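Down below is the structure, laid out as structure tokens.
By convention in this document, chain letters (A, B, ...) are assigned in the order of the sequence lines, proteins followed by strands, and residues within each chain are numbered from 1. This is a predicted model, so every value here is computed, not measured.
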Amino acid sequence: MGDNPSFREHGDQIPGVVGGVVGRVNDLAYAEKRERLEELAPEELAEIEAEDEGDDHDLPDLPRAEEYDEVRMRCAPNPNGPWHVGHARMPAVIGTYKERYDGWFCVRFDDTDPETKRPDLEAYDAILEDLEYLGFEPDATFKASDRLDIYYDHARKLIDMGGAYTCSCSGEEFSKLKNNGEACPHREKDVETVLEEFEDMIAGVYDSGEMVLRVKTDIEHKNPALRDWVGFRMIDTPHPREEAEEYRCWPMLDFQSAIDDHVVDVTHIVRGIDLQDSAKRQGFLYDYFGWEYPEVVHWGHVQIDAYDVKMSTSTIAELIDEGRLDGWDDPRAPTLRSLRRRGIRGEAIVDAMVGLGTSTSDVDLAMSSIYANNRDLIDEETDRRFLVRDGAEVPLGGSPPDEANPPLHPNHEDRGVRKIPAGDAVLLEPDDLPQREDRIWLKGLGCFQYTRDTLQYTGEDIDVVREGDVDVVHWVPANESVPVRMRTMDGDVSGQAEPEVAALEPDEMVQFERVGFARIDSVDGEDGTLAYYTHP
RNA sequence: GCUCCGAUAGUGUAGUCCGGCCAAUCAUAUUGCCCUCUCACGGCAAUGACCAGGGUUCGAAUCCCUGUCGGAGCACCA
């Protein structure tokens, strides 16, 4: 109708005219449709098929990816502790892009604040371990604190170009001027003086707070966040890394990161929305140096629905210090280590994170989607076992079979069966205890009627279960069961498992029937077997 | 206060650039049925969304404006 405006007044008649044709086309078989389309408009067909191929990707294409020889990205964590679940988004997305574009990514520890965000020496390796757990291996690893000379050199060049000045205003003073769009007196210092003072900063002549190096941008820029920002500042506290403990003059993230991204040839920066102004700030630096700023993808904040604990490294660290969490891998902690110990595969987390896409709005990740992914991965290979929580002992009567032999996995009978002796009494979960005179089916063993506080074997046919009259429940022998302590997100539960559970190895996964999946953590502790609950 | 950004079912997401079988995709979730000696897995079905109001147009999830709500930055933190 855009081509033939005269049709417009008859627009409402179009459906009637076109509808019949559309209906006929819809009735054609797929192959026939394809054939007809190929005759009429081969170029349309090609387009449709090209779209279909793109449908496999969960993530949108990276901007202008095809214009670079190699897609190069970086993951730049602050090494202040092991990663929480939210941190997985960065490697998940970067790693997925790396695979798609056959690209490259490095880990660069942005550890340029020895004081406020003081690095934790153990966190460097902890983060690399977390990364490995998620299934990624960086192509290179750097520490910003090893690279101060690179930043100093670039600062010197910038000063030479008149792009930076040393400033001794207090933060408060400068902030006031800046908000009014006014320059401070130090802005017009000559290059020689600035250079000298910057060398003094490097030499550690000044104390913390006495002098900074500001990048000259536009003091009247309409966005106050971009006006003459600090590139370097003095910090009295030595860096925790021995290799870096002599430095006193430290670059700010915006400076350090800007230089590093260019030096290692990063083509695509992928990061959180909190750094959205960073790109603009750093743009001034790139302009001075005549560099081109990488493509940027920002995303919003991620929250996970299942945790009471706030997902922040420092909060988790505090809770551990206070003894309210047992450590970084406490099942109640929203950390990757916790999920790993519970037996959740890194891949399940990565898939969930990739599913979030890269939208800039804030998102809530449902823990259930990680669970669903994980169940998909482990269900087929995980053997079944019985675990009775808070078991109530009930004697057996009526000469039931000595032993039950349920399969290790219902879909894989070839794996064999379990041996569960029945003995004189069994443990049942209190909720499963039947009403008096009601029947119940002890899985693998047979039908029982609850009479006079005893389960009397009635030996009926399994048909009673098929007919829906009798509930099937899990059970363990009262005498020979294995004590199990199971740690969950909601606290510990204790129970008794079937005897063969004693023979499981640490790190093995099990599914406790009608309870859920769990990872065996240790087998010879004081409380017997220690398991971590994975998910239903 | 100044400056940015965003808004599709409970959750996440596709579609938005370039308006047209979009009464809106897929996954997850919830519920029901089937399968089953587990409440797992599998199969089937149901549930459920274009923030609001205006405008442009024959036609708006899509374009424009206003509003509302949400987020971020304005640090000598990362």
Sticking with atom [atom1], work out how far [N] lies from [M], rounded to a whole angstrom.
N	M	atom1	result
B:C69	B:A75	P	26 Å
B:C18	B:U13	C1'	22 Å
B:C63	B:G20	P	11 Å
B:G32	B:G48	C1'	16 Å
B:C4	B:U66	P	13 Å
B:U8	B:U16	P	16 Å
B:U36	B:G42	C1'	10 Å
B:A60	B:A52	P	15 Å

Which pairs would a plain distance check flag for residues 171-184 of chain A, meaning a side-chain donor or acceptor within less than 3.5 Å of a matching protein atom at least two apart in sequence or in another chain?
from     : atom 1 : to       : atom 2 : distance (Å)
A:Glu173 : OE2    : A:Ser170 : OG     : 3.3
A:Asn179 : ND2    : A:Ser175 : O      : 3.2
A:Asn180 : ND2    : A:Lys176 : O      : 3.4

Hey, which sits more toward the 5' end of RNA chain B by its nearest nucleotide, A:Leu442 or A:Leu356?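 Closer to the 5' end of RNA chain B: A:Leu356.
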
Residue whose nearest RNA chain B nucleotide is more 5′ - A:Pro407 or A:Ser368: A:Ser368

Please verify the inter-ring angle class for A:His221 with A:Phe284; under 30° counts as parallel, over 60° as perpendicular, anything in between as tilted.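 Judged by the thresholds at 30° and 60°, the geometry between A:His221 and A:Phe284 is perpendicular.
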
Kindly assign one of parallel, tilted or perpendicular to the pair A:Tyr152 and A:Phe198, based on the angle between their ring planes and the thresholds 30° and 60°.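 Aromatic pair A:Tyr152/A:Phe198 classed perpendicular.
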
Answer yes or no: does a side-chain N or O of [X] lie under 4.0 Å from OP1 or OP2 of [N]?
X	N	result
A:Lys222	B:C4	yes
A:Thr360	B:A72	no
A:Ser361	B:C5	no
A:Lys178	B:A75	yes
A:Arg466	B:U36	no

Among B:G71, B:G12, B:A75, the one nearest A:Val363 by side-chain distance: B:G12

Heavy atoms under 4.0 Å, any strand shown: does [X] hit a base, just sugar-phosphate, or nothing?
X	answer
A:Met252	sugar-phosphate
A:Val212	base
A:Gly300	nothing
A:Asn78	sugar-phosphate
A:Ser359	sugar-phosphate

Distance, rounded to the nearest Å, where [X] contributes [atom1] and [N] contributes [atom2]:
X	N	atom1	atom2	answer
A:Asp364	B:A7	CG	P	16 Å
A:Tyr371	B:U30	OH	P	13 Å
A:His301	B:C5	NE2	C1'	11 Å
A:Trp83	B:A78	CH2	C1'	14 Å
A:Asp254	B:C76	CG	C1'	13 Å
A:Leu365	B:A29	CG	P	13 Å

Applying side chain to side chain contact (heavy atoms under 4.5 Å, CB included), can you list everything that pairs with A:Pro400, at least two apart in sequence or on another chain?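 With sequence neighbours excluded, A:Pro400 shows a side chain to side chain contact (heavy atoms under 4.5 Å, CB included) to A:Leu396, A:Phe448, A:Tyr457, given in chain and number order.
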
Mind checking side chain to side chain contact (heavy atoms under 4.5 Å, CB included) for A:Ala518 and listing every partner two or more places apart, or none if nothing turns up? A:Met486, A:Val510, A:Phe512, A:Ala531

Interface with RNA chain B, restricted to [range] and to heavy atoms under 4.0 Å:
range	answer
residues 107-114 of chain A	A:Asp110, A:Thr112, A:Asp113
residues 226-240 of chain A	A:Val230, A:Arg233
residues 269-278 of chain A	A:Ile273, A:Asp274, A:Leu275, A:Gln276, A:Asp277

Please walk me through it: do A:Gln256 and A:Arg108 pass side-chain hydrogen bond (donor to acceptor under 3.5 Å, both in side chains)? CA-CA 11 Å; A:Gln256 173 262 118; A:Arg108 187 187 70 221; 3.3 Å; yes

Looking at A:Gln449, is its backbone amide N or carbonyl O close enough to the side chain of A:Arg439 to form a donor-acceptor pair, meaning the two atoms are under 3.5 Å apart?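 Not a single qualifying donor-acceptor pair exists.
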
Test your reading of the model: is there a side-chain donor-acceptor pair from A:Thr141 to the backbone of A:Val107, 3.5 Å cut-off?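 No.
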
Donor-acceptor pairs under 3.5 angstrom involving side-chain atoms of residues 78-88 of chain A: please list them, not counting sequence neighbours.
from    : atom 1 : to      : atom 2 : distance (Å)
A:His84 : ND1    : A:Gly86 : N      : 3.1
A:His87 : ND1    : A:His84 : N      : 3.0

Distance, nearest 0.5 Å, that separates CD of A:Gln282 from CG of A:Asp277: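 That separation rounds to 11.0 Å.
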
Listed partners of A:Arg519 passing salt bridge (charged side-chain N to carboxylate O under 4.0 Å, His left out), at least two apart: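 Result, salt bridge (charged side-chain N to carboxylate O under 4.0 Å, His left out) vs A:Arg519: A:Asp507, A:Asp521.
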
Which residues pass the salt bridge (charged side-chain N to carboxylate O under 4.0 Å, His left out) test with A:Arg385, sequence neighbours left out? A:Glu498, A:Glu500

Readout for nucleotides 38-51 of chain B: B = base within 4.0 Å of protein heavy atom, S = sugar-phosphate only, - = neither; 5' to 3' it is BBBBS---------

Nucleotide-level pairing of RNA chain B, given in dot-bracket where Watson-Crick and G-U pairs need both distances under 3.5 Å and | marks other strands: (((((((..(((.......[.....)))((((((.......))))))...(((((..]....))))))))))))....

Could you tell me which residues satisfy ring pair (Phe, Tyr, Trp, His ring centres under 6.0 Å) with A:Tyr151, sequence neighbours excluded, listed by chain and number?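 With neighbours one apart ignored, the set is empty.
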
